[in-house]
Each structure stands twice: as C-alpha cells, then as structure tokens.
Amino acid sequence: MTALEIAALVRAGERSAVSVAREAIDAIKARDGAINAVTRLLEARALAEAQAVDEAVAAGRDPGPLAGVPYGVKDLFDVAGLPTTAGAGMRRDAAPATADAEAIARLHGAGAVLVATLNMDEFAYGFATVNAAFGTTRNPRDPERLAGGSSGGSAAAVAAGMLPLTLGSDTNGSIRVPAALCGIYGLRPTQDALPMGGVYPFVDSFDTIGPFATTIADLAAAWRVLGGIGEPSGSPRVARLSGWFDRTLDGEAAALIGSQFAGLEKVELAEVERARSAAFLMTAHEGGLRHLPELRTRALEFDPATRDRLIAGALLPDEAYRAAQAFRTQFRAHALRLFDAHDVLIAPVVGEVAPRIDDPFVTVAGERVPARAHLGLLSQPISFIGLPVIAAPLRRPGKLPLGIQLIGRPGGEADLFAFAAGLEAQGITGTT
Amino acid sequence: MRASRQPWRMLFPLPSEDEIARLAREQLDFDIPAECLPGVRANLAVLGEHLRTIEGASE
C-alpha cells in the first residue's frame, strides 16, 4: 500500500495504526537480511506512536494527514535517545540526541510512525552506501548491485516494500542517485526550503533533506508535511538538457530517454563539467575542514575511503575553494536564465543502471572510475546551485531502473509535482 | 565564464607523500598517519584534476 492509502484507512478507522506498524516491523525482519537497509529497528517507539494515533482516531481527533504511515530516516537525523551515527562506526558511542530532528517532529505531528533508522555512506560522503561499519546496502531490484548513496538505506527500504516513506539527505545527489538506481521517486528540494535542525551536517553549501516514496502523490504529501509550499504556475514549459548530459549516457539510457522525450526542445547548460568539478572541490574542502578535529585525533577510526578523501579536501588551498565559489555565482546566474523560457528541465540522474557490487565502477568519458565518487556526475551540477529536483523512475518493467531528474527554478517544486504527476499518469514514469 | 586564476601551485606537480605530511603539519597542525598518505595523495591528484577543470587551462 502507498502512504496515502494507509493514511486513508487509518483516518477512517478501517485499519489500526498499530497493525500497520507491526506489519512494517515484520516486513523489515523478514526482508532486510538480504538488503541491509536498516541500521536500527525502533520497535517500541513505533508501536507507542502508532498506539497514540489509534487513540486519536478513537477519540474523534484529527490524527494528521499521514496517520499511521510507517517511515524511516537516514541515520543522520537526530532521534531522541539514540546516538546519531551519520553512518560512522566511531559515532556508535556518541551522546544520545536529546530531541528529534525538526523533520521527524513534523512527520510525527502529521501522524506518521517512525520505525527505523537507515544505512548510508559514512558521513554522507559517497554515492554507493558501501559502509565499513554498517555494511553495504544492496539494491532490492538486484541484490548483486549497489543501491546508490549516500541515502541508500532510505531508497532500498522503500524499493523493497518495507516502508512506504523514508527521509534522506542530498548534498550532491544522495537522494536522486539511490532513487534512480532503486527505481523509486525522491525529492531534493530547493536549498534551504526544508528544516535542517537536528540533521548531522556534511557540506553546508549544498546539504538538503527530502523524502523517498513509490508514487508522486506520496512524495508530494510528505513534501507538504515537511513544510513545502507553492502552487503550480500553470501548464509547464518543458525542455530537455542536452550536451554534456547526453554525452555521459550509455547506449541503453540514451535510447530510452531519447525515445521518451523525443518531441521536447533541447537546451544546453554551458559549463556543466566545470560546475561538477567546482561542486567536487567545495564538497571536499568543506567536508574536510568539518571533520578535521576528529581526523587529528581519531583518523584511523574512519572508513579509510572516506578518511583519505576528507584529509585531501582539508589540504585544498582556501584560494581554490573561493575560486569554486566564485564560479558557482556565475554558473547559477547563467542557469537561472534557462527558466525564463522553461519551467521544467529534464536530465538523466545516472548514465547507466546500478553497478554491480563486485565491480563498483562507472564509465565517465570512456574511463572506468569508482562508482562511490562518480555516480553523482549528472546530479552534482544541479545541486551545486540549489535547484529543486524530483528524481523519477522511467517505467520499464522487468529491467533495471533508470531515472530522470525533473529540475525546477528555486521554489518551483509545485510545477515539478504537477508535471511529474502527468508523466506518471501517462505511464512514462512509475515504480514497477 | 572563467574562474579567476589563483595560486594553488602546491598541487602542481603533485607533492610527494613526505611533502603532503609536511604540509599537513604546517597548515593544519595535523600529523597524518603514514598509512593514510598513499590514499590522501591519490585523492589530491583527483582534486588537482578538478582544479584544472575549473581553471580551464593546464598548469
């Protein structure tokens, strides 16, 4: 069932929230062994929250628009009473959070029921959810393949049917990449649109939070509860980003996107490759400096793959960081001009299907490079300038997922939702 | 568009592991564990390529 179907039944008193929570808990116990999306099952809390929802329904009070909907959060959202690991083994013994993250508080206020925390790349620095402390999250569509990251547990839990709704974070593509590889929807909102309180930070310049779901209606419902605002501007003007975005696709992805969107005007976003590089540099430097205190004292407790990237980033000269920032100002101004004539821009999320876990590489410019660092090739230039994006799965039953980015102007989420609902209704996108 | 040229010469040519250890001590007050140095150097090489890309010119 979708989140909204569950909420309708619970609100009508036709299904108890406790029974829904128990079903989700049982599903996780039955299925997660093969996927490894869940880091902590919050059984007691979930049943207590569900009981409170049932009591509200019985008393005739409004239980909220997401009444009884079980959900999970990436392991970087504060959950009261638990250490926020941020995917780091060294934080297993961190002081427990004293309060829930603001996003969790808003979902709680809407009647949703927190069931689990979910796996991620260490400190959100990666696109693979290959985690030295908590293990690799497998792709439910093919467990021999990566789920993507860094919010891989959040995407896999939804794709595996364990939870209808989850939260993740997206700095350079960490919602969009796993959503695409697992074949579900994900939303990276406009920079600063949703509350970051109680979210373990990675790169302040780019960090956002957002939901995952199996339908656009569920994604929109979560967006509204989390604080999203705005109305569609009318019939959206749509174009497809070409140039660099086309050149990085493999043959299968190019053929599919080319055929599905053949009638659309193509527009080019200049300097995309430099934008990606600038995002890469800013991420490395901000992330490296953030973790420098722990690196000085506990370097060998980090995942080596994360640690060495962070140290290199900390060593990057400040001048290089400032040059990347300056380039961002120019690139943003250039990109925003595209929205004078368009409301939605379409681009692929990843240029190929999920890489195999035993061969974790992707092809970039004819060269095989590590997936962990490079799966965000097409997502990084967009988050670099804070634009909202819905990652939507192209509908292709029986085949491994491929996803597209529906990109809007800042604050343009409502246009994205309206356009995405149309694509879903036409059968162009959708989970299978 | 063009990023302004800046003095990030420390990455060109790529410093040796000993030089990286010295830079970290001097600039970050950080004694990098020896086993980290090969990985750090490899990642600095990647960052250097990205620097070249935003600079738009070979160093």
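Note that the structure is predicted; figures quoted are calculated from it, not measured. Here is how names work: the chains are called A, B, and so on, in the same order as the sequence lines, proteins then strands, and each is numbered from 1.
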Working to the nearest 0.5 Å, report the span between [atom1] of [X] and [atom2] of [Y].
| X | Y | atom1 | atom2 | result |
| --- | --- | --- | --- | --- |
| A:M282 | B:I54 | CE | CD1 | 10.0 Å |
| A:L281 | B:E49 | CG | CD | 11.0 Å |
| B:R41 | A:I311 | CZ | CD1 | 15.5 Å |
| B:L51 | A:E319 | CG | CD | 11.0 Å |

Would you please go through residues 367-380 of chain A and name the residues with a non-hydrogen atom below 4.5 Å from one of chain B, in numerical order?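 Expected list: none.
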Do [X] and [Y] have side chains that get closer than 4.5 Å, going by heavy atoms?
| X | Y | result |
| --- | --- | --- |
| A:R274 | B:E55 | no |
| B:T53 | A:F280 | no |
| A:L300 | B:C36 | yes |
| A:L295 | B:L28 | no |
| A:L315 | B:F30 | no |

[X] versus chain B, the contacting section by heavy-atom distance below 4.5 Å:
| X | answer |
| --- | --- |
| A:A314 | both |
| A:R309 | both |
| A:L310 | neither |
| A:A284 | side chain |

Can you name the residues that form a salt bridge (Lys or Arg N to Asp or Glu O under 4.0 Å) with A:R298, not counting sequence neighbours?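 Partners of A:R298 under the salt bridge (Lys or Arg N to Asp or Glu O under 4.0 Å) test: A:E301.
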So, using side-chain hydrogen bond (donor to acceptor under 3.5 Å, both in side chains) as the criterion, who are the partners of A:R247 when residues are at least two apart?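 Residues passing side-chain hydrogen bond (donor to acceptor under 3.5 Å, both in side chains) with A:R247: none at all.
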Under the side-chain hydrogen bond (donor to acceptor under 3.5 Å, both in side chains) test, residues paired with B:E19 that sit two or more places apart: B:S16
What pair of heavy atoms forms the shortest contact from B:L44 to A:A312, and how long is it? CD2-O, 3.6 Å
Part of B:I32 within contact of chain A (heavy atom distance under 4.5 Å):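 For B:I32, the side chain is the part near chain A, not the backbone.
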Between B:D29 and chain A, with a heavy-atom cut-off of 4.5 Å, which part of the residue counts as in contact: side chain, backbone, both or neither?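 The answer is both parts of B:D29.
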